[in-house]
Each structure stands twice: as C-alpha cells, then as structure tokens.
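Structure record follows, encoded as structure tokens.
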Amino acid sequence: MITLTQILEILKKDDNFHEIIADNEYFYEWDEFVSFDSLAYDSRKVSEQTLFFAKGLNFKREFLTGLSNPFYVSELDYEVEIPVIIVSDVKRALALIAEAFYDFPQTKLKTLALTGTKGKTTSAYFAKAILDEMNDSKTALLSTAQTTLDGKSFFKSELTTPESLDLLRMMDEAVKNGMTHLVMEVSSQAYKTERVYGLTFDVGVFLNISPDHIGPVEHPTLEDYFYCKRQLLHHSRYFVANAEMTHFNVIKQELGNKPHDFYGGNSENQIVSSERLHFALTGKVAGEFDIRLLGRFNQENALAAALATTALGVSTENIRAGLAKAIVPGRMELLTAKNGAHLYVDYAHNGISLENLVKVVEEHHSGKLLLILGSTGNKGESRRKDFAQVIENHPRLEVILTTDDSNYENPAEIAQEIASSITRKVDFIADREQAIKAAIASVKDTEDAVIIAGKGADKFQLLNGKREFYIGDAEAAQKYL
C-alpha cells in the first residue's frame with residue numbers, strides 16, 4: 001500500500017513532479033486521502049486501486065479509456081476522465097515509487113551487479129555458486145538465461161534486466177523467500193531506459209566492452225553504449241573492472257577514490273597458469289581452481305566473480321568450492337554423440353563471443369568443425385557482419401545458417417546478409433532443429449565438433465513479435481545424438 005501523499009513527496013524530492021490535472025484544473029497538492037494497493041504499466045492488469053503508469057513509445061490514449069482506477073502517472077495529459085500526475089520522466093517515477101511500494105527490498109539484500117558485452121551470464125552463475133557456498137544457497141539470480149527468487153526453482157527471464165517495477169517486485173519476493181544475496185546482470189539498456197534508477201549495488205563488475213547492441217532501437221553509437229554501461233560504476237559501492245578492456249583508462253579515471261579491484265594485465269590479480277579446466281591465480285584470491293567450462297575467457301569470468309564475491313565476505317574456500325560446482329545453462333554446454341563427436345551449445349550471440357567460442361573449440365578438435373548460427377531480427381544488425389568476419393577468420397569452419405529470433409525479418413534474408421560477406425559457400429536450413437540434425441549426421445569421431453551458437457538454453461523462437469515454442473538447442477541435439 002502507498003498513499004498519494006507519499007508519492008508526491010517522492011516525486012518532488014526527485015524534482016520530477018509538475019502538477020496534478022483533474023477536470024481541467026491544476027493542483028500542486030491534493031487534500032483528499034487516496035491510497036493504492038498495486039502498481040501497473042500494463043492496462044490489462046489494473047484494478048480500482050491501481051496506480052497506472054502511462055509509459056512506452058507505443059503507448060496510446062485508448063489504453064486509458066474504460067479504466068476506473070483513481071490516478072495515472074504520465075508525461076502527457078491524455079485528457080481522459082481519470083486525474084493525471086504529470087511528471088518529467090515517467091520511467092524514473094515508476095522506479096522510485098516501486099521502491100517505496102515494496103519497502104525498499106534492495107536494502108535487505110547484498111547485491112552484486114555485472115555488466116559487459118560478453119560473459120555476464122557465466123560470471124553471474126559463477127558468483128551465485130560461490131555465494132551459495134557461504135550462505136547455504138540463499139542467493140537469488142536475475143540473468144539473461146534464467147531467474148530464481150528462492151535459490152532453487154528457475155524460470156526463463158524475459159529481459160536481461162527486468163523493468164523497474166518487476167525488478168523491485170522480484171527483489172521483494174526474494175526477501176520474503178529468505179534470500180540474503182542477489183546476483184544480477186545489468187544491461188546497458190537498463191540504464192538507458194531507467195530500469196535500475198535509484199538503485200545502488202553493493203558490488204558492481206565491468207567485464208569488457210566491444211561494439212554490440214548498436215542500432216536504431218538500442219544504442220545509436222558505441223559511445224552511447226559505453227556511457228550507459230559505465231553508469232554501474234557510479235551506482236556501486238565497490239567496483240571490479242577488467243584492466244585489459246578497451247578504454248580501461250576511462251574507467252580508471254572515472255572511478256576516482258571509489259573502493260575497487262582490477263584484474264588482468266597490469267594488475268595484481270591475474271591468471272598465472274591455465275590448463276583445460278584448471279587454472280591458478282595470484283593476487284587477492286590466490287590459489288588453484290577448477291571450473292567446468294573450456295576457455296581462458298571463462299577463467300577470466302571466474303576471476304571477476306571471485307573478486308566480486310570476496311568484497312561480499314566469501315572465503316577462498318567458498319570460491320574454490322563454488323567454481324568447481326558451477327554449471328551455466330547454454331554456456332559451453334557439452335554433449336557427446338555415440339561416435340565420440342562433441343557438440344557445444346553456447347549462447348554466443350555477438351562477434352566477440354563467437355570468436356572466443358570457435359577459438360577454444362578449435363584448440364581441442366583437429367577434425368571437422370561445423371557451426372550452426374543465425375542472427376536476431378530487428379536488433380543488433382551490426383552482428384551480421386561480425387559473424388561473417390569470424391567465419392572468414394576460421395577457414396576450417398563449415399557453416400549452416402539458420403533461424404535465431406528473426407522476429408519480423410525473414411530468416412533467409414538475414415542469412416543472405418551474413419553470407420554476402422563470406423567468400424566461401426555456406427548452407428542455409430531455416431528450421432533450426434533440422435539444421436542441428438543435419439550437422440550431427442555429418443560428424444564421425446572424437447576429433448569432430450559441432451558448435452550450436454546463439455540461443456543457449458532458450459526454449460523459444462521470437463517470431464513476429466511473439467515467443468513461439470522451440471524444443472531448445474540441447475534438447476534438439478539430444479534427440480539426434
């Protein structure tokens with residue numbers, strides 16, 4: 001429950017209140033007692049005591065017609081019968097009012113937030129596994145792959161970082177479930193669209209930066225993308241950053257005197273030896289560790305998670321045990337065919353992630369390498385040329401292009417756009433499951449490998465604006481092994 005008086009105090013304190021408009025009259029105060037028992041930004045979820053937020057580029061006046069709730073919050077007066085609270089920024093208003101409505105659940109959890117172009121999900125699962133060793137599995141998780149609010153049951157995430165109202169509701173549920181910690185990914189869009197406005201995290205982690213999510217509906221430029229990601233730095237009490245990332249000098253300068261740890265080259269926290277699934281660290285978290293994922297980049301993610309969780313009080317023993325147990329759905333998930341050929345299911349969905357994935361598989365397989373790949377429609381268009389460049393860089397790769405969340409675009413046209421930048425022949429099979437079947441049929445022994453990239457653990461295809469059921473890459477592979 002929250003009252004209109006409380007809401008006006010919040011908005012005025014944030015310098016985000018203009019006036020209330022009711023019956024064509026303007027008010028700066030409201031004398032009548034009004035309270036709300038729910039908040040919503042979806043007009044289909046409104047009751048008589050709901051405070052409704054009119055937000056979004058596609059919001060229409062018709063969404064308000066027929067509603068009987070007492071007030072709505074908006075940047076515009078839609079001139080309907082319901083009184084409106086006019087604000088400068090409805091998304092910021094939603095975030096701060098949701099915090100108060102759920103009684104500031106973020107203050108009842110130790111929070112660890114990760115950003116970066118690649119590695120967020122893997123690092124998040126590493127961090128959760130480590131914290132679970134310390135707090136008896138009382139760590140909630142919000143990741144691109146999955147969400148858990150009780151530390152045990154998992155469900156598919158809708159967004160990397162949920163809308164502020166949903167995020168605060170989830171935090172509140174985690175608290176009620178007895179969780180003590182929360183690990184979450186924070187996307188650049190989360191800061192651009194104010195999904196985490198007003199939140200300060202106990203520990204923030206910046207893994208890396210490379211061109212991605214550049215396009216008309218995401219970030220117009222790399223500079224905007226980088227700026228949005230750097231906002232985590234200003235909203236974390238402690239910060240961990242990769243000293244080898246592009247433009248690290250900006251991070252270092254911007255940090256100032258904030259408590260922090262750096263890792264990688266030119267820092268005290270480094271990987272000093274690296275084997276297949278075993279590595280040794282020097283610095284704050286010194287010792288030898290094991291993980292279940294191939295690749296030095298995954299060892300770097302483990303190092304980042306180790307430093308971040310150290311700032312939350314875990315021991316080296318917790319770190320060692322957690323990393324050894326951590327499983328990341330759809331991240332370097334290894335399946336083996338009866339003939340010994342290996343299949344790697346991985347969420348790699350941009351050029352850098354795909355390059356790293358292919359490199360690591362190449363190192364361990366001297367035979368046929370077959371890549372199954374698609375690219376998303378209506379976003380991340382720059383990835384298509386990046387994918388083509390990775391394929392060009394690795395002439396051993398045989399390629400089957402397929403569908404991957406084509407949305408409103410034609411998957412064949414997306415595939416043709418990728419193929420147009422490749423100088424050798426690639427195949428196209430629109431049905432992703434059939435593409436996987438064809439790939440498995442063409443590998444013969446332990447030296448052969450199939451890389452199934454892009455969807456990871458997703459059990460859907462985004463087509464024409466809707467999530468349509470898809471068996472999943474790992475399940476499709478199991479079906480034909």
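One-based numbering along the sequence shown. Note that the structure is predicted; figures quoted are calculated from it, not measured.
Rounding to the nearest 0.5 angstrom, the gap separating the CG atom in Leu112 from the CG atom in Leu131 is 6.5 Å. With rounding to the nearest 0.5 Å, the separation of CE in Met332 from CD1 in Ile327 is 14.5 Å. With rounding to the nearest 0.5 Å, the separation of CD in Glu333 from OH in Tyr344 is 12.5 Å. The CZ atom of Phe101 lies 10.5 Å from the CD atom of Gln6; values are rounded to the nearest 0.5 Å. In this structure, the separation between OG1 on Thr246 and CD1 on Ile251 is 10.5 Å, given to the nearest 0.5 Å. One finds the NZ atom of Lys60 at 11.5 Å from the OG1 atom of Thr65 (value rounded to the nearest 0.5 Å).
The number of heavy atoms from other shown groups lying within 6.0 Å of CG (Asp15) does not exceed 12. Atom NZ of Lys108 is surrounded by more than 12 heavy atoms from other residues, nucleotides or ligands within 6.0 Å. Crowding of Asn266 atom CG: a count of heavy atoms from other residues, nucleotides or ligands under 6.0 Å not exceeding 12. Other residues, nucleotides and ligands contribute at most 12 non-hydrogen atoms within 6.0 Å of the CD atom of Glu48.
Judged purely by atom type and a 3.5 angstrom limit, Ser406 has no side-chain atom pairing as donor or acceptor with the backbone of Gly377. Without hydrogens or angle criteria, Glu185 side chain to Thr144 main chain gives a donor-acceptor distance under 3.5 Å. Judged purely by atom type and a 3.5 angstrom limit, Asn242 has no side-chain atom pairing as donor or acceptor with the backbone of Asn208. Between the side chain of Asn378 and the backbone N or O of Tyr408 there is at least one donor-acceptor pair closer than 3.5 Å. Side-chain atoms of Ser236 never come within 3.5 Å of backbone atoms of Phe239 as a donor-acceptor pair (strictly under, hydrogens ignored). Between the side chain of Arg383 and the main chain of Asn350, no donor-acceptor pair closer than 3.5 Å is present. Judged by distance alone, with hydrogens and angles left aside, the side-chain atoms of Asn177 form a donor-acceptor pair with the main-chain N or O of Glu173 at under 3.5 Å. Of the possible donor and acceptor atoms, one in the side chain of Gln270 sits under 3.5 Å from a partner among the backbone N and O of Ser267. No donor-acceptor pair closer than 3.5 Å links the side chain of Asn356 to the backbone N or O of Ser353. In terms of modelled atom types and a separation under 3.5 Å, the side chain of Arg320 and the main chain of Glu288 share a donor-acceptor contact.
Relative ring orientation between Phe71 and Trp30 is described as perpendicular, the plane-to-plane angle rising above 60° on a 0-90° scale split at 30° and 60°. Taking the six-membered ring where tryptophan is involved, the planes of Phe59 and Phe52 are tilted, since the angle between them lies from 30° to 60°.
Exactly one of Lys229, Gln231, Lys120 qualifies for a side chain to side chain donor-acceptor pair (under 3.5 Å) with Thr115. That residue is Lys229. The ring pair (Phe, Tyr, Trp, His ring centres under 6.0 Å) test with Phe248 is passed by exactly one of Phe226, Phe206, Phe262: Phe262. A side-chain contact (heavy atoms from CB on, under 4.5 Å) with Leu199 is found for one member of Thr111, Leu167, Val186, Leu232 and no other, namely Leu167.
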Steps toward side-chain contact (heavy atoms from CB on, under 4.5 Å) verdict (Thr50, Tyr72): CA-CA 8 Å; Thr50 299; Tyr72 71 98; over 6 Å; no
Before you tell me yes or no, could you show the steps for Glu268 and Thr282 under side-chain contact (heavy atoms from CB on, under 4.5 Å), namely the whole-Å CA-CA distance, both residues' side-chain angles and the distance that decides it to 0.1 Å? CA-CA 7 Å; Glu268 66 175 19; Thr282 187; over 6 Å; no
One pair to check against side-chain contact (heavy atoms from CB on, under 4.5 Å): Leu11 and Asn16. What are the steps and the verdict? CA-CA 5 Å; Leu11 294 174; Asn16 193 18; 4.2 Å; yes
Evaluate the side-chain contact (heavy atoms from CB on, under 4.5 Å) criterion for residues Met171 and Tyr102: first the C-alpha distance (whole Å), next the side-chain angles of each, then the deciding distance (0.1 Å), finally the verdict. CA-CA 9 Å; Met171 284 185 174; Tyr102 288 109; over 6 Å; no
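A donor-acceptor contact closer than 3.5 angstrom is absent between the side chains of Tyr26 and Asp77. No donor-acceptor contact under 3.5 angstrom links the side chains of Ser143 and Thr121, judged on distance only. A donor atom on one side chain and an acceptor atom on the other are found under 3.5 Å apart for Asp132 and Thr139.
A salt bridge is defined here as a Lys NZ or Arg NE, NH1 or NH2 lying under 4.0 Å from an Asp or Glu carboxylate O, and Asp261 with Lys284 meets this definition. Between Lys192 and Asp224 there is a salt bridge, since at least one side-chain N of the basic residue sits less than 4.0 Å from a carboxylate O of the acidic one. With respect to Lys12 and Glu29, a salt bridge is recorded, a charged nitrogen being found less than 4.0 Å from a carboxylate O. Ion pair Glu163/Lys55 flagged as a salt bridge, since at least one NZ, NE, NH1 or NH2 atom sits closer than 4.0 Å to an Asp/Glu carboxylate oxygen. Electrostatic pairing of Glu409 and Arg384 counts as a salt bridge here, judged by a charged N lying under 4.0 Å from a carboxylate O. A salt bridge does not link Arg169 to Asp172: none of the charged side-chain nitrogens sits closer than 4.0 Å to a carboxylate oxygen. Note on Asp150 versus Lys152: no salt bridge recorded, every NZ/NE/NH1/NH2 to OD/OE distance being 4.0 Å or above.
Nearest approach of Ser123 to Asn301, heavy atoms of both residues: OG-CB, 3.2 Å. Nearest heavy-atom pair, Arg331 versus Ala145, reported as atom, atom and distance to 0.1 Å: NH1-CB, 4.3 Å. Of all heavy-atom pairs spanning Ile352 and Lys118, the tightest one is CG2-CE, 2.6 Å. Considering all non-hydrogen atoms of both residues, Arg230 and His234 come closest at O-CD2, 3.7 Å. Listed here is the closest heavy atom pair of Gly374 and Phe387: O-CE1, 3.5 Å. Closest non-hydrogen pair, His18 versus Ser88, comes out as NE2-OG, 2.7 Å.
Inter-residue side-chain proximity for Leu307 and Val285 is flagged as met; some heavy-atom pair is nearer than 4.5 Å. Two residues are said to be in side-chain contact when any heavy atoms from C-beta on lie closer than 4.5 Å; Asp458 and Lys156 meet this criterion. Looking at heavy atoms from C-beta onward, Asp290 lies out of side-chain contact with Leu323 at the 4.5 angstrom threshold. Side-chain contact between Ile319 and Phe289: present, with at least one pair of heavy atoms (C-beta onward) separated by less than 4.5 Å. The shortest distance between side-chain heavy atoms of His247 and Met245 does not fall below 4.5 Å. Counting only heavy atoms from C-beta outward, the side chains of Val175 and Leu109 approach each other to under 4.5 Å. With a 4.5 Å cut-off on side-chain heavy atoms, Gln106 and Phe104 count as touching. Counting heavy atoms from C-beta outward, Leu312 and Asp202 have side chains that approach closer than 4.5 Å.
A cation-pi geometry, defined here as NZ or CZ lying under 6.0 Å from the six-membered ring centre and within 45° of its normal, holds between Lys455 and Phe460.
Aromatic ring centroids of Tyr227 and Tyr191 lie 6.0 Å or more apart.
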